[in-house]
Amino acid sequence: MERRESAQERFEELTGRVASVQAKIDDATARRDAAFEEIDGEAATATKERGIVAGSVPDDLLKLYDKLRIKEGGVGAARLYQRRCEGCQLELNITELNEVRAAAPDSVVRCENCHRILVRTSESGL
Ligand SMILES: [Zn+2]
């Protein structure tokens, strides 16, 4: 009789644990699904925005960017910030900086180290 009661208690304890674990799984699944939905929405927005921007970029520059993006792990262009390429994080030497300074504002300049397209801004340190 005692063994039976003990087995019944153990069964109820384990049933409770299973229900608790299942509730955690259900909660995690719901959060995962919500995150997927949010990511899918962001990806759709980014894809749409990229299409708009890409339409304004000359074909040869877009081809270069796409080639570099594939080669460089998803980043084909990087900001030149305070004399540093934010793609490879290396600071340009004085010769490289002078070449960038001398380049026409609408010309494509690239990092000597990682070869990404350098995006010049007022904070480039030129
Ligand atoms: Zn670089």
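FYI, side chains are in, hydrogens and waters are out, and symmetry mates aren't considered; it's all heavy atoms of this structure. Counting convention: from 1, in listed order, for ligands and their atoms alike. Throughout, residue positions are numbered sequentially from 1 according to the sequence presented.
Listed by chain and residue number, the protein N/O/S atoms under 2.8 Å of the Zn ion (ligand 1) are C85 SG, C88 SG, C111 SG, C114 SG, with waters left out.
A salt bridge is absent between E86 and R116; no separation between the charged side-chain nitrogens and carboxylate oxygens falls under 4.0 Å. Using a 4.0 Å cut-off between charged nitrogen and carboxylate oxygen, E91 and R83 do not count as a salt-bridge pair.
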Problem set entry | Pair L92-E112, side chain to side chain contact (heavy atoms under 4.5 Å, CB included): steps then yes or no | CA-CA 8 Å; L92 277 66; E112 291 285 327; over 6 Å; no
Would you list the atom pairs, donor with acceptor, under 3.5 Å between side chains in residues 51-65 and any protein atom, with sequence neighbours excluded?
from	atom 1	to	atom 2	distance (Å)
S56	OG	V53	O	2.7

Scan the side chains in residues 35-50 for donor-acceptor partners under 3.5 Å anywhere in the protein, sequence neighbours excluded, and list what turns up.
from	atom 1	to	atom 2	distance (Å)
T45	OG1	G41	O	3.0
T47	OG1	A43	O	2.8
R50	NH2	D66	OD1	2.5

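For I25, the side chain to side chain contact (heavy atoms under 4.5 Å, CB included) partners at least two apart in sequence or on another chain are V21, Q22, T29.
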